[in-house]
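The structure under discussion appears below in the form of structure tokens.
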Amino acid sequence: QVLWNTQLRDTSRIPSNFSRQERMATIEALKGAIQIPTVSFSHEKSNTTALAEFGEYIQRVFPTVFHTSFIKHEVVGNYSHLFTVQGSDPSLQPYLLLAHIDVVPAPEEGWEVPPFSGQERDGFIYGRGTLDNKNSVMAILQALELLLLRNYTPQRSFFIALGHDEEISGTDGAQKISALLQSRGVRLAFAVDEGSFVVDNFLPSLKKPIAIIAVSEKGAMDLMLRVNMTPGHSSAPPKETTISILSAAINQLQQNPMPNMFGRGQVKTMLQQLAGEFSSPINIVLRNLWLFQPFVSRFLEKNPITNAMIRTTVAPTVFQAGIKVNVIPPVAQAIINFRIHPAQTVHEVLELTKNIVADDRVQFHVLRAFDPSPVSPTDDQALGYQLLRHTIHAVFPEVSVVAPGTCIGNTDSRHYLNLTRGIYLFNPVLLKPADFRIHGVNERISVQAYETQVKFIFEFIQNADMELVGMPDSPHQHDL
Ligand SMILES: CCCCCCCC/C=C\CCCCCCCC(=O)N[C@@H](CCCCN)C(=O)O
Ligand SMILES: [Zn+2]
Ligand SMILES: [Zn+2]
């Protein structure tokens with residue numbers, strides 16, 4: 001176990017007590033950020049006016065961050081932001097905090113309040129981006145602003161990278177920032193990004209909230225399936241059309257899920273570490289996975305989120321066919337979005353898919369694909385993981401277990417694998433099942449959860465300056 005010297009190296013700790021005025025300003029700042037519709041629609045289309053406005057907004061709301069001599073601010077790829085916070089001790093390896101300013105579209109239908117209004121109702125701030133991921137953008141800058149106003153000077157250098165195109169690829173933002181840091185010879189101790197939460201009541205019989213730090217993220221593949229045919233008159237149709245052939249192929253994929261990989265990834269370790277958090281008899285089952293693995297594995301398939309953690313998922317998301325009501329369609333095509341389990345590769349999933357469809361009339365075109373990310377270390381020497389764990393216990397006293405997990409989505413962090421192998425995905429926000437509204441309608445964050453997120457980052461930045469007994473300051477073990 002790492003021993004934590006609770007003293008900072010030579011400065012004294014700044015308590016995370018904020019005045020009523022500061023707390024109100026913190027909430028207003030988040031609401032203002034939600035009101036700027038920084039939507040990424042597609043590779044071709046994003047709201048660049050809003051992205052530019054967002055850059056001006058953060059300068060206005062966080063003046064101290066932008067006017068501190070040891071902080072350098074740069075705009076990268078036109079709308080992304082890189083902050084370099086120079087620490088006083090160059091022997092300490094720097095780290096990186098990540099977040100993104102763009103959001104997915106939010107058609108107004110189904111929303112209780114307009115999605116870009118940032119309105120507060122019953123203790124929640126509503127709006128697109130309140131969880132994904134303007135909460136992190138604003139909380140990081142807010143925590144830093146509050147620290148600076150209390151004359152904080154860091155000892156360990158760190159970077160803050162705010163991408164502007166995470167929801168479409170991250171290639172203009174995160175990828176360029178990463179290349180810039182690499183060109184400057186930067187090597188990171190670790191990076192922290194969105195991707196997991198503190199969850200309460202997530203599974204039946206879980207007694208208390210648990211914190212899951214994702215230490216790997218799934219791979220992805222967008223695969224186009226296409227069927228071509230000679231068009232003709234719909235009054236004398238052939239037995240099968242492009243639409244029916246393609247539908248049958250998709251149906252095959254839905255009826256034959258990718259293999260259950262429970263036991264080959266983070267989930268088994270996660271459940272073993274969480275066993276004590278479940279009431280009886282689940283705790284006994286989880287402590288004896290050698291016997292109950294098949295039962296647990298089937299149980300996990302029943303919940304869409306845990307199912308996504310144990311297998312490659314297959315989601316048909318786009319279907320296009322037909323040119324006129326009385327013409328046999330010449331082309332039918334669909335895009336299937338795969339999320340690849342850490343124990344599989346793009347190549348394996350593509351081969352499995354072809355075997356499942358087993359129809360030569362269906363063509364396969366890989367539009368975009370990448371393998372799952374490597375698993376980041378969680379041992380006693382893993383600085384990023386241990387700092388997160390320590391800060392979680394301090395800020396969320398109701399959480400008794402912190403466990404490693406897998407992120408079922410993708411994040412900008414995968415563009416930073418050239419700079420570190422310690423990538424940790426964790427949003428310090430406590431979520432109940434009713435709040436899992438990322439990309440959905442009525443996305444929201446409670447005022448209390450957001451204030452806690454700011455407090456968490458305020459504490460985390462200071463913890464990164466803490467003297468760790470039993471841990472080398474440069475974590476050579478995890479260098480590339
Ligand atoms: C006992 C089990 C406890 C499980 C606790 C799980 C808690 C976390 C559950 C879900 C979190 C999901 C977070 C996903 C973040 C994904 C961010 C995102 O939307 N990324 C996009 C990127 C798109 C890139 C270009 N296509 C995506 O993945 O689609
Ligand atoms: Zn996100
Ligand atoms: Zn998202």
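Any value given below was found using the heavy atoms of this structure, including those in side chains, with hydrogens, waters and symmetry copies removed. Quantities reported herein were computed from a predicted structural model and do not represent experimental measurements. Counting convention: from 1, in listed order, for ligands and their atoms alike.
Atom OD2 is the N, O or S atom of Asp132 at the shortest distance from the Zn ion (ligand 3). Of all N, O or S atoms in His100, the one lying closest to the Zn ion (ligand 2) is NE2.
Put simply, Glu167 gets within reach of the Zn ion (ligand 3), with an N, O or S atom under 2.8 Å from it. The Zn ion (ligand 2) lies under 2.8 Å from an N, O or S atom belonging to Glu194. Residue side and main chain included, Glu166 places no N/O/S atom under 2.8 Å of the Zn ion (ligand 2).
Remark: ligand 1 atoms within the under-4.0 Å shell around heavy atoms of Met270 are 1 (C), 2 (C). Under a 4.0 Å criterion applied to the non-hydrogen atoms of Asp132, ligand 1 contributes the atoms 19 (O). Shown in contact with Met309 at under 4.0 Å from a heavy atom are these atoms of ligand 1, numbered in order with element: 4 (C), 6 (C). The ligand atoms of ligand 1 that sit less than 4.0 angstrom from a heavy atom of His439 are 19 (O). Which parts of ligand 1 touch Leu203 is read off a 4.0 Å heavy-atom cut-off, strictly below it: atoms 1 (C). Near Arg368, with a cut-off below 4.0 Å to any heavy atom, the atoms of ligand 1 are 25 (C), 26 (N).
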- Evaluate side-chain hydrogen bond (donor to acceptor under 3.5 Å, both in side chains) for Ser297 paired with Asn260, printing each intermediate quantity in order. CA-CA 8 Å; Ser297 153; Asn260 182 329; 2.8 Å; yes
- Item | Worked verdict on His100 versus Asp132 for side-chain hydrogen bond (donor to acceptor under 3.5 Å, both in side chains) | CA-CA 8 Å; His100 64 90; Asp132 182 14; 2.9 Å; yes
- Start with the C-alpha distance between Thr391 and Glu459, add both sets of side-chain angles, then the distance that settles side-chain hydrogen bond (donor to acceptor under 3.5 Å, both in side chains), and finish with yes or no. CA-CA 7 Å; Thr391 314; Glu459 294 289 348; over 6 Å; no
- Task: Go through Glu145 and Thr64 one step at a time and tell me if the side-chain hydrogen bond (donor to acceptor under 3.5 Å, both in side chains) criterion holds.
- Result: CA-CA 6 Å; Glu145 178 82 10; Thr64 321; 2.5 Å; yes
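Using a 4.0 Å heavy-atom cutoff, Thr411 is absent from the residues neighbouring ligand 1.
Ligand 1 has a nitrogen or oxygen under 3.5 angstrom from a nitrogen or oxygen of Asn410. The distance criterion of under 3.5 Å between nitrogen or oxygen atoms is not met by Thr306 with respect to ligand 1.
Under 4.0 Å from ligand 1, not a single heavy atom of Asn133 appears. Residue contacts with ligand 1 for Glu217 are absent, since no atom lies close enough (heavy atoms, distance under 4.0 Å). With a 4.0 Å heavy-atom cut-off, ligand 1 is reached by no atom of Leu206. Heavy atoms from both the backbone and the side chain of Glu166 come within less than 4.0 Å of ligand 1.
The aromatic rings of Tyr57 and Phe54 are tilted relative to each other, their planes meeting at an angle between 30° and 60°. Ring geometry, Phe396 versus Phe456: the interplanar angle falls from 30° to 60°, so the pair is classed tilted. Ring geometry, Tyr95 versus Phe190: the interplanar angle falls under 30°, so the pair is classed parallel (tilted spans 30 to 60°).
Closest protein heavy atom to atom 29 (O) of ligand 1: Arg339 NH2, 2.8 Å. Among protein heavy atoms, atom 9 (C) of ligand 1 sits closest to Phe436 CE2, 3.7 Å.
Under the side chain to side chain contact (heavy atoms under 4.5 Å, CB included) rule, Thr317 has a single partner from Asp222, Asn337, Ile336, which is Asn337.
Using a cut-off of 4.0 Å between Lys/Arg side-chain N and Asp/Glu carboxylate O, Glu301 and Arg298 are scored as not salt-bridged. The pair Glu74-Arg184 meets the salt-bridge criterion, with a side-chain N (NZ, NE, NH1 or NH2) lying under 4.0 Å from an Asp/Glu carboxylate O.
Contact record, Asn201 with Pro433: O-CG, 3.3 Å, taken as the closest heavy-atom pair.
Summarising the contacts of atom 13 (C) of ligand 1 with Gly409, Gly170, Gly195, the nearest heavy atom is found in Gly195.
For NE2 of His347, the number of neighbouring non-hydrogen atoms (other residues, nucleotides, ligands) closer than 6.0 Å is 12 at most.
Here Tyr385 and Phe426 keep their ring centres 6.0 angstrom or further from each other.
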